[in-house]
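Accompanying notes for the structure given below.
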Amino acid sequence: MEVKLAETAGFCMGVDMALKRLDRLVDEAGQRPIYILGPIIHNPQVLKRYAEKGVKTADAPEDVPDGACAVIRAHGIPRQVEDALKARDVVVKDATCPRVKKAQLLIARYTAENSELLLYGEADHPEVKGLVSYAADGHFVFDSEEALAALSLSSGKRYVLAAQTTQDRVRFEAMARRMEADPELDVTVLKTICDATRMRQEEASELAGEVAFMVVIGGYNSGNTRRLAQVVAERGTPCVHVETADELVLEDLAGYRTIGVTAGASTPHHLIHEVLCALGTL
Ligand code: SF4
C-alpha cells in the first residue's frame, strides 16, 4: 500500500507564528500568568500541551485577572474586547495572524464610509466575531449563496463583500461575480480568503483524485480541517477525518492500494507523523 502526503499538510504561517510567539512568552515567563483569549488555535492536542505548561485559556475577557498577560489568538478577537483589556492592568500580546489582521483592517477601511459589510462565514466562529467588530456601518453574516440571495439588498446602499479567511474561494468568487454584475448594486469586493486555505483545498482535491482513500487530520472544531474533508468528499473519494492516529481503524483501510493524507492548518507535525507511522504498518 502506498501513502501520499500532501505537501501543504499541517501548520500554516499564521498558526506557526502564533505558537512561536506563545512559546517565547512561556520561556520568558516572568511574574505575569499567561492567558489565551479562547483557544489559540483549534487543536485540542496543542491546547493540552500548553495547559500542561501553565498557560490558561480564558473563555471571556473578564476571566483574565489584572496583572496577567493576555495573548490574542491567531483568529483575532473583537476590537472592543482588545480595547477593554488594554484599558486594564493587562499586558496584551497580539498573535493574530497577519492575514486575519489584514482582513480586519480592510473591513475597517472599506466600511468606514457608510458601507454595510456582507461577510461570507460562520456566524459563531471566533474569527468572524472579530472581523465584524471592524465593520463601521452594520453587517450581515451568511454561510450560503441561498442566505445571501434571500437578503433584500437596496440599490441606494453601499456594500462591502468579504469572507472569513478560511472560506471556499470558488463559491465566494461566484457570489462576488453575481453581485458585481448587478447594475443595481454598489458593491466593493475584498479579497480576504487566505492562500494557505486555497492551496490546502486544491491540493486535497488533486490528491483525492489520485488515491483510493483519504485521511484528513485535525481538530474536529477546526473549520479549515472540516472543509478539507468536505472538499475530498465532493471529489467522491472515501475519507475519514481524525484528530489522532489512534482513531484510525486500520483494518478498514487495509484493502486500499493508495491512501492520501492531508491535515488542517492547525495540525502539528507530530500528529501527522503518528498517522503516517500507523499507515506504514499496513
Ligand atoms: Fe492565517 Fe491563513 Fe493560517 Fe488562517 S489559514 S491562520 S489566515 S495563514
Side-chain angles (χ1 to χ4, degrees), residues 6-25 36-47 50 57 71-79 82 93-110 117 119-134 141 143 161-173 189-205 216-232 241 243 262-269 271-272:
E7 281 179 23
T8 51
F11 283 173
C12 62
M13 174 270 292
V15 166
D16 198 38
M17 283 178 70
L19 296 187
K20 283 189 175 136
R21 179 128 213 216
L22 184 55
D23 285 340
R24 276 200 304 276
L25 274 174
I36 312 169
L37 279 169
I40 190 151
I41 58 167
H42 282 155
N43 186 277
Q45 290 73 30
V46 170
L47 296 178
Y50 283 115
T57 300
V71 182
I72 299 178
R73 60 192 162 196
H75 289 131
I77 56 172
R79 72 191 313 180
E82 186 173 344
K93 298 284 183 185
D94 191 358
T96 305
C97 166
R99 288 181 183 143
V100 174
K101 185 48 86 188
K102 186 176 166 199
Q104 292 173 342
L105 298 178
L106 280 174
I107 286 170
R109 190 194 316 160
Y110 283 89
L117 173 68
L119 187 75
Y120 179 41
E122 301 160 277
D124 57 355
H125 192 284
E127 183 197 318
V128 170
K129 289 181 181 165
L131 291 177
V132 298
S133 75
Y134 284 78
V141 179
D143 62 3
L161 180 69
Q164 182 182 356
T165 56
T166 47
Q167 282 300 320
D168 184 281
R169 183 178 55 90
V170 175
R171 283 190 202 135
F172 176 73
E173 287 179 354
V189 178
L190 303 182
K191 291 188 181 351
T192 51
I193 292 181
C194 171
D195 280 348
T197 306
R198 178 179 58 78
M199 285 161 61
R200 273 166 186 69
Q201 290 173 358
E202 285 179 359
E203 198 190 6
S205 176
V216 178
I217 317 161
Y220 296 126
N221 60 348
S222 155
N224 78 83
T225 307
R226 286 201 308 267
R227 261 184 292 283
L228 283 180
Q230 197 183 341
V231 162
V232 171
H241 174 178
E243 283 191 349
T262 189
S266 49
T267 308
H269 281 289
L271 293 180
I272 301 171

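As the structure lists them, so they are numbered: ligands from 1, and atoms in each ligand from 1. Keep in mind it's a predicted model, so treat the numbers as computed, not measured.
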Side-chain H-bond candidate by donor/acceptor type, [X] with [Y], under 3.5 Å:
X: E127; Y: T165; answer: yes
X: Y220; Y: N43; answer: no
X: R200; Y: T262; answer: no

Check whether any side-chain heavy atom of H42 sits under 4.5 Å from a side-chain heavy atom of P126, and report yes or no.
yes
Give the atom numbers and elements of ligand 1 that come within less than 4.0 Å of a heavy atom of C97.
1 (Fe), 6 (S), 7 (S), 8 (S)
List every atom of ligand 1 that sits less than 4.0 Å from any heavy atom of R99, numbering the atoms from 1 in the order shown and giving each element.
7 (S), 8 (S)
Nearest non-hydrogen protein atom, [atom]:
atom: atom 7 (S) of ligand 1; answer: T165 OG1, 3.6 Å
atom: atom 2 (Fe) of ligand 1; answer: C194 SG, 2.3 Å
atom: atom 3 (Fe) of ligand 1; answer: C12 SG, 2.2 Å

Salt-bridge criterion met for E203 and R198 (N-O under 4.0 Å):
no
